[in-house]
Amino acid sequence: MPKLELQGVIKRFGDRTVCDGINLTVDEGQMVCLIGASGSGKSTLLRCINLLEPIEDGAIFLDGEDISIPGLNPQSVRARIGIVFQSFNLFPHMTALENVMLAPRRVRGLFRAELQPEVEALFARFGLADRMHNYPDQLSGGQQQRVAIVRALAMQPEVMLFDEITSALDPQLVGEVLDVLLMLKKQGMTMVMATHEMGFAREAADKICFLDSGRIIEEGPPEAVFDHPSHQTTQAFLARALK
Amino acid sequence: MTRRERYEAHQRRRSLVIATISTVTVVAAIYFLVPLAPGWTKVQQSFFNGETLVKTFPKLLEAFRINVMIFAWSAPAIAVLGLLIALARDAKSPALFPLRIFGAAFTDVFRGVPVILTVYLIGFGIPGLGLPRPWNSPYIWGSLALILTYSAYVAEIFRSGIDSVHHSQRAAALSLGLSERQVMRDVVLPQAIRNVVPSQMNMLIALQKDVSLLSFIGPVEIFRQAGVFKSLLANFTPYVGAAIIFLIVTIPATRYADHLMARQMRERR
């Protein structure tokens with residue numbers, strides 16, 4: 001059974017169809033990269049999986065369980081699926097540590113003292129041990145994004161979604177964030193990421209999905225998609241992206 | 001000195017000279033022209049009488065303590081009620097729909113009626129029900145009138161603060177599994193309140209002045225006390241004394257609010 005499965009997911013904003021019947025399976029421990037032009041529906045798809053956007057039709061399964069039933073309380077699902085955004089979205093009025101502890105305290109019902117060792121270990125693992133007590137505006141973009149990843153991981157999610165998490169970073173900071181993803185992959189985290197980092201996608205992904213106008217028009221292992229794209233749109237996109 | 005520094009030094013000297021000449025001219029004009037007005041000696045006698053000022057000032061200051069007192073218990077009540085009204089207006093659950101309607105009606109009514117009218121209606125109306133002492137005190141009902149009016153304005157400011165928090169903050173908090181209530185309490189409100197502190201400071205300053213409206217329903221606060229002196233001494237100087245006392249409090253407060261506002265503008269950039 002796949003860890004995450006999407007069947008015919010349709011998402012509309014008004015009369016604009018952003019996701020037009022998406023089918024996707026993600027196995028446990030797999031890293032799937034969504035590539036495609038801006039506006040092709042990558043970000044919206046991730047937001048739908050996390051139930052931040054309700055879908056019009058189709059279904060989303062987590063461990064075989066339908067999580068897209070209308071009216072289902074989204075909180076318990078969101079706690080199992082972490083998402084990291086392009087613009088970090090750290091809470092500016094809290095230190096890095098407080099940012100990370102908020103959700104486990106409120107949702108998992110743990111006390112600060114219980115959490116402290118676990119959270120400190122996370123900070124240390126991602127090279128942020130000396131940044132725990134800084135506020136977001138005292139951190140570099142790369143550090144903020146790593147804190148955002150730690151914040152999502154502190155909920156011990158089963159799946160992580162990454163929405164172009166390096167797009168807002170200065171080029172020299174991209175590496176430190178991508179390294180974090182490699183670490184997670186090594187630990188067996190199931191991940192879906194929307195990205196424009198073609199080099200990284202090729203190296204790290206188990207599967208590449210190319211989206212165009214809300215549809216996955218090509219998917220497969222990186223070598224197949226990057227070296228022998230079968231679809232003309234994919235060829236044109238890759239020719240531009242890899243130039 | 002570089003060419004540019006020489007030029008800027010020259011410009012600074014020039015600005016300073018022009019500002020000095022212009023200020024001296026205006027002050028001199030006021031100083032020499034105003035006393036030429038036919039009624040000046042009379043005005044000076046009845047509004048700027050040093051002797052009366054010295055005599056009444058301590059009593060005025062004492063009466064001002066009542067203003068401070070009413071302010072001190074009204075302000076926290078306004079902050080709490082204003083926040084509750086703001087939250088009520090944003091309530092989403094259908095069960096809370098009546099609360100939403102109430103919040104909207106509340107802000108419409110109390111922002112739409114002049115403060116003095118609310119003070120009159122509540123300050124005279126409710127004790128008129130024949131309540132026993134101390135429940136017929138104008139301090140209670142006058143303060144309530146101020147609290148209701150100011151809560152309506154303060155609620156709207158809180159609401160604008162809530163709107164000013166970017167929706168991506170809500171999305172981030174929801175994505176972690178927090179409930180709507182937790183998102184509001186832990187993520188949105190703390191930022192919203194911080195964003196509106198300067199605006200709320202201005203409301204506090206306005207409130208400090210409007211406490212004087214309670215004089216119309218009884219309490220002998222500073223404005224009423226000045227009126228008493230005016231009748232007693234047939235001289236308006238006590239009003240000027242009262243104005244001076246207000247300014248001693250409000251000018252630093254206004255400056256401080258402006259400072260907060262300016263700092264916030266810098267941080268936003």
Side-chain angles (χ1 to χ4, degrees), chain A residues 43-44 46-54 73-95 98-109 135-137 144-145 147-163 165 168, chain B residues 79 82-83 86-87 90-97 154 157-201 259-269:
Chain A
S43 294
T44 306
L46 293 179
R47 295 171 64 91
C48 289
I49 297 175
N50 193 252
L51 308 187
L52 283 172
E53 299 286 352
N73 179 4
Q75 268 177 265
S76 55
V77 175
R78 290 183 188 138
R80 294 167 65 192
I81 304 178
I83 185 166
V84 182
F85 304 93
Q86 178 179 346
S87 50
F88 327 144
N89 300 352
L90 292 180
F91 308 131
H93 59 297
M94 298 181 184
T95 63
E98 289 164 344
N99 260 280
V100 173
M101 293 237 253
L102 176 68
R105 281 173 57 214
R106 294 286 185 259
V107 183
R108 287 166 60 198
Y135 284 89
D137 62 3
Q144 289 189 55
Q145 195 56 296
V147 172
I149 295 172
V150 169
R151 180 174 70 176
L153 290 175
M155 286 301 290
Q156 305 182 335
E158 300 159 37
V159 177
M160 283 288 285
L161 311 173
F162 299 97
D163 184 6
I165 60 170
Chain B
L83 189 56
L87 291 175
D90 284 334
K92 286 193 191 70
S93 133
L96 298 180
F97 188 70
V154 163
I157 296 176
F158 276 133
R159 248 159 54 94
S160 74
I162 290 171
D163 288 344
S164 75
V165 177
H166 199 263
H167 58 83
S168 63
Q169 287 282 310
R170 264 178 50 83
L174 285 174
S175 79
L176 291 166
L178 268 64
S179 67
E180 293 277 354
R181 266 186 67 167
Q182 290 166 333
V183 172
M184 184 52 97
R185 189 188 61 192
D186 293 321
V187 176
V188 177
L189 267 190
Q191 297 183 57
I193 291 174
R194 206 165 56 166
N195 290 349
V196 297
V197 163
S199 314
Q200 303 289 31
M201 275 292 294
H259 163 76
L260 288 181
M261 200 86 89
R263 198 177 62 186
Q264 203 166 63
M265 293 291 276
R266 277 200 304 277
E267 280 170 4
R268 289 256 170 88
R269 243 180 314 154

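The sequence lines fix the lettering, A, B, ..., with proteins before strands; numbering per chain opens at 1. Keep in mind that this is a model prediction, so the values were computed, not measured.
Contact count against chain B (heavy-atom pairs under 4.5 Å) is highest for A:Asn89 among A:Asn89, A:Leu161, A:Leu102, A:Val84. In terms of heavy-atom pairs under 4.5 Å with chain B, the best-connected choice from A:Pro92, A:Gly82, A:Ser87, A:Ala152 is A:Pro92. Of the listed residues A:Ala103, A:Ala79, A:Pro157, the one with more heavy-atom pairs under 4.5 angstrom with chain B than any other is A:Ala103.
Scanning both residues, A:His93 and B:Pro190, for their nearest heavy atoms gives CD2-CB, 3.4 Å. Here the shortest heavy-atom pairing between A:Phe91 and B:Ala172 reads CE2-CB, 4.2 Å.
Both the backbone and the side chain of B:Gln169 come within contact range of chain A, each with at least one heavy atom under 4.5 Å from a heavy atom of that chain. For B:Arg185, the part lying near chain A is the side chain, with the backbone staying farther off; criterion is any non-hydrogen pair under 4.5 Å. Looking at A:Leu51, neither its backbone nor its side chain comes within 4.5 Å of chain B, counting heavy atoms on both sides. Interface residue A:Arg151: backbone and side-chain heavy atoms are both found under 4.5 Å from chain B. In this structure, chain B has a heavy atom under 4.5 Å from the side chain of A:Phe85, while its backbone stays farther away.
Side chains of A:Val107 and B:Leu176 form no contact here, defined as non-hydrogen atoms less than 4.5 Å apart.
Rounded to the nearest 0.5 Å, atoms CG (A:Leu46) and OG (B:Ser175) are 12.0 Å apart. Rounded to the nearest 0.5 angstrom, A:Arg105 CZ and B:Asp186 CG are separated by 7.5 Å. Taking CD of A:Gln75 as the start and OG of B:Ser179 as the end, the distance is 5.0 Å to the nearest 0.5 Å.
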